[in-house]
Amino acid sequence: MDMPEPDVHEGSILVEAIAVGVCGTDVEIVEGKYGWAPPGQKHLILGHESLGRVIDPGSSGGFKKGDLVVGIVRRPDPVPCPNCAVGEWDMCRNGLYTERGIKEIHGFMSERWRIEPEYAIKVDPALGILGVLLEPTTVVTKALEQVGMIGRRSYWEPRNILVTGAGPIGLLAALSVKLFGLEVHVLDRMESGAKPELVRALGATYHSGRVADLKFEPDAIIECTGVGQVIADSIKKVGANGIVCLTGVGHGGVVTSAAIADVAASAVLRNNVIVGSVNANKRQWYRAGQTLARADRSWLAKLITRREKPENFKSALERKPEDIKVVIQFSEV
Ligand code: BGC
């Protein structure tokens with residue numbers, strides 16, 4: 001669609017889009033399963049994994065023309081609930097939060113967008129296009145922070161972490177866990193190709209079977225598939241005092257035979273925690289930036305497996321088996 005120039009009320013910083021990452025949430029929105037247009041409007045500009053270049057910093061002191069920036073996705077609810085009031089919009093209690101490109105505010109898939117200075121994150125120019133990986137890295141950073149906080153409820157000496165799913169979230173989780181110096185296992189249904197290679201390049205172990213067949217009990221599982229069977233198997237497989245952190249959003253699927261009272265009994269008797277994690281707060285955005293800065297750039301570059309032009313957005317939204325992260329590229333870095 002031909003849209004008017006973004007309104008100054010959307011933020012004092014004017015940004016030229018460089019790239020926008022496509023993720024499962026975008027596909028769900030396009031399929032009509034998720035997402036909300038701004039009130040009174042019939043369409044939503046997609047895009048929540050942004051990277052852009054400041055063309056006019058407005059009156060904001062901290063930014064200058066040419067800075068590379070990424071936009072924070074979520075905005076606190078207007079009430080605000082106690083969590084939003086303290087800057088934890090990712091933990092919003094009343095569901096009245098908004099999200100750019102997802103819930104009631106336009107996203108970043110336009111040639112120019114605006115952003116409020118407090119929601120713009122500066123990216124190290126040396127990262128170039130890899131800055132588009134910041135938003136998915138924030139999601140992983142929050143999930144791992146949750147696992148760490150839960151783990152420390154008792155003596156916590158994790159040795160091996162299992163990541164289920166070797167998509168962008170799973171691979172960024174594996175990278176982040178590896179940077180903590182822990183043993184990482186990644187499980188995915190792909191048997192060959194870029195995913196196993198990327199996992200091995202991290203010094204992590206790749207598995208392509210079922211979680212149920214693994215020969216060890218992980219201290220924590222970062223579940224990144226949203227697939228019912230994988231989730232059920234993960235809950236059974238995690239070790240005593242273990243944590244299963246759910247980050248994938250799935251629907252339906254196979255009905256598993258896991259009876260809830262049995263799952264609960266096992267969780268009780270082994271002190272297990274099953275925790276869901278979504279979005280990220282500003283501290284996690286900051287830490288995610290540190291993770292990207294410490295990561296091997298050539299490894300990160302291999303996560304972006306396809307770059308499409310904006311006019312080919314339909315192809316960008318199609319998922320091909322060899323895809324890891326597909327980005328729509330609006331301009332050169
Ligand atoms: C985004 C998050 C968002 C979540 C739920 C994810 O795809 O990365 O920022 O909170 O969807 O809408």
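All residue numbers refer to positions in the sequence shown, counting from 1. Ligands are counted one by one from 1 in listed order, and the atoms in each one are counted from 1 as well.
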Would you mind running through ligand 1 and noting each atom that sits below 4.0 Å from a heavy atom of C23?
7 (O)
Ligand 1 to R74, heavy atom cutoff 4.0 Å, flagged ligand atoms 10 (O)
Ring centres of Y119 and W89 under 6.0 Å apart?
yes
Which atoms from ligand 1 have a heavy atom of Y34 less than 4.0 Å away?
5 (C), 12 (O)
Any non-hydrogen side-chain atom of I161 less than 4.5 Å from a side-chain atom of P218?
no
Per-atom contacts of ligand 1 with V139, taking only distances under 4.0 Å to non-hydrogen atoms
8 (O)
Take K309 and E311, measure what salt bridge (charged side-chain N to carboxylate O under 4.0 Å, His left out) needs, and give me the verdict at the end.
CA-CA 5 Å; K309 294 192 170 127; E311 53 270 35; 5.3 Å; no
Paired with I105, the side-chain contact (heavy atoms from CB on, under 4.5 Å) test is passed by just one of R75, E99, R74, namely R75
Tell me yes or no: between the side chains of H106 and Q41, is some donor less than 3.5 Å from an acceptor?
yes
Going by the atom numbers of ligand 1, which of them fall below 4.0 Å from some non-hydrogen atom of H48?
1 (C), 7 (O), 8 (O)
One finds that the ligand 1 atoms under 4.0 Å from a non-hydrogen atom of E135 are 1 (C), 2 (C), 8 (O), 9 (O)
Donor-acceptor side-chain pairing of E223 and S234 below 3.5 angstrom:
no
Can you list the ligand 1 atoms lying under 4.0 Å from a non-hydrogen atom of V278?
4 (C), 5 (C), 10 (O)
Numbering the atoms of ligand 1 from 1, which are under 4.0 Å from a heavy atom of E99?
3 (C), 5 (C), 10 (O), 12 (O)
Judged by modelled atom types alone, do T138 and Q284 share a side-chain donor-acceptor pair under 3.5 Å?
no
Among all protein non-hydrogen atoms, which one is nearest to atom 11 (O) of ligand 1, and what is the separation to 0.1 Å?
T25 OG1, 3.5 Å
